[in-house]
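Comments concern the structure below.
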Number of protein chains: 2
Amino acid sequence: MQLDRLDARLLSIVQTHNRHSSEELGTMVGLSATAVQRRLKRLRDAGVIEAEVAVVKPKSVGRPIAMLVLVTLERERADIVDRFKQSIRQTPEVMNGYYVTGDADFVLIVTAESMEDYEVFTRKFFYENPDIKGFKTMVVMDRVKTGFSVPIDFDHFS
Amino acid sequence: MQLDRLDARLLSIVQTHNRHSSEELGTMVGLSATAVQRRLKRLRDAGVIEAEVAVVKPKSVGRPIAMLVLVTLERERADIVDRFKQSIRQTPEVMNGYYVTGDADFVLIVTAESMEDYEVFTRKFFYENPDIKGFKTMVVMDRVKTGFSVPIDFDHFS
DNA sequence: TGTGAAACCTCCTGCAG
DNA sequence: CTGCAGGAGGTTTCACA
């Protein structure tokens, strides 16, 4: 799908604040409310906007701590990789999972209620999985930047 | 703020799909539309809901690739750490930044338009920063799980 | 908590530029 | 593609029970 500068500006706004009215958005980018709605619908239907979500503070729901885990598989074979991707998707404690090149095969962000809780998690998720060669846990002391705001360069759009 | 089971159920819904009508939410959790809206407003005001955002597909806006970078500082001193946190917040290419214990001091998720673009970024962001001792780049081959869904255990709420 | 009313917003459609 | 206008339905905030 081909985007123009107005789409880009709308995206950069709604990706950080999705509760503006169409009229507000219209005055911000210089369009009518109707045009804004048409464009947002187009962006949603085309999958440019993948989802619209509320961000919940983890501490408020009893998950104050997070770990960053570097995972290495026994063998980097397609079926093993796919199987591990599946288990990532099915495990709610894993908030974030990346398949990467380099020292590790996967990098995960895992939330926990406590250290003991995380320890229990590692037993079930890592030690009982024969595909996993090893993992290294780094405790997250501060989530400096969370969120998924993509930098948007307006000059790249007509 | 004290949450109950209904709040927890509302949160678990809106954190993955924030476009339900209040009435839909009401029938899902067993409340009237008005009560749902009152609760959501309370959760927003209390900061339990930190933000409401649209998730934009990075590929659609010209940022098809991502790197995961392990950063080590020259010295882990409070003022140096704080200065680096600030530069993370001010740099849009850094989508995600964590201050961690262990082998590295920070872990970043950086988006780029291309490898050359990333190389330019590393010169400006890492090599020109005297606080940085070193960094190790891992190319993200697949973003298996992105998003911010916190696992919510309903049993933990009255 | 629920109900009901009023004001506003959304979303879709048709029409015109 | 744009804006304008109309209508159905959802949101949001009141007061009141």
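All chains are named by letter (A, B, ...) in the order of the sequence lines, taking the proteins before the strands, and each is independently numbered beginning at 1.
A distance below 6.0 Å separates the ring centres of A/Phe148 and B/Phe148. Ring centroid separation for the pair A/Phe106 and A/Tyr98 does not come in under the 6.0 Å cut-off.
Remark: of the listed residues A/Arg39, A/Arg9, A/Arg42, A/Arg39 is the sole one forming a salt bridge (Lys or Arg N to Asp or Glu O under 4.0 Å) with A/Asp4.
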Per-nucleotide protein contact string for nucleotides 3-17 of chain D, where B marks a base within reach and S marks sugar-phosphate only (heavy atoms under 4.0 Å, - for neither): BB-----SSBB----
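Counting heavy atoms of neighbouring residues, nucleotides and ligands inside a 6.0 Å radius, atom CD of B/Glu74 exceeds 12 of them. A/Glu50 CD: more than 12 foreign heavy atoms inside a 6.0 Å radius.
When all heavy atoms of B/Leu11 and A/Val61 are compared, the pair lying nearest together is CD1-CG1, 3.9 Å. When all heavy atoms are compared, the tightest approach of B/Ala54 to A/Ile49 is CB-CG2, 4.1 Å.
Under the 4.0 Å criterion applied to side-chain N and carboxylate O atoms, A/Arg77 and A/Asp131 are not assigned as salt-bridge partners.
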Please assess A/Met138 against A/Val69 for the test side-chain contact (heavy atoms from CB on, under 4.5 Å), listing each intermediate value before the final yes or no. CA-CA 6 Å; A/Met138 306 164 88; A/Val69 193; over 6 Å; no
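Of the residues in residues 3-17 of chain A, none has a non-hydrogen atom less than 4.0 angstrom from any atom of DNA chain C.
Taking the six-membered ring where the residue is Trp, A/Phe135 and A/Tyr127 present perpendicular rings, their angle passing 60° and hence far from 30°.
Remark on the helix from C/dT1-D/dA17 to C/dG17-D/dC1: inter-end axis angle 20°, axes from five-pair C1' superpositions, rounded to 10°.
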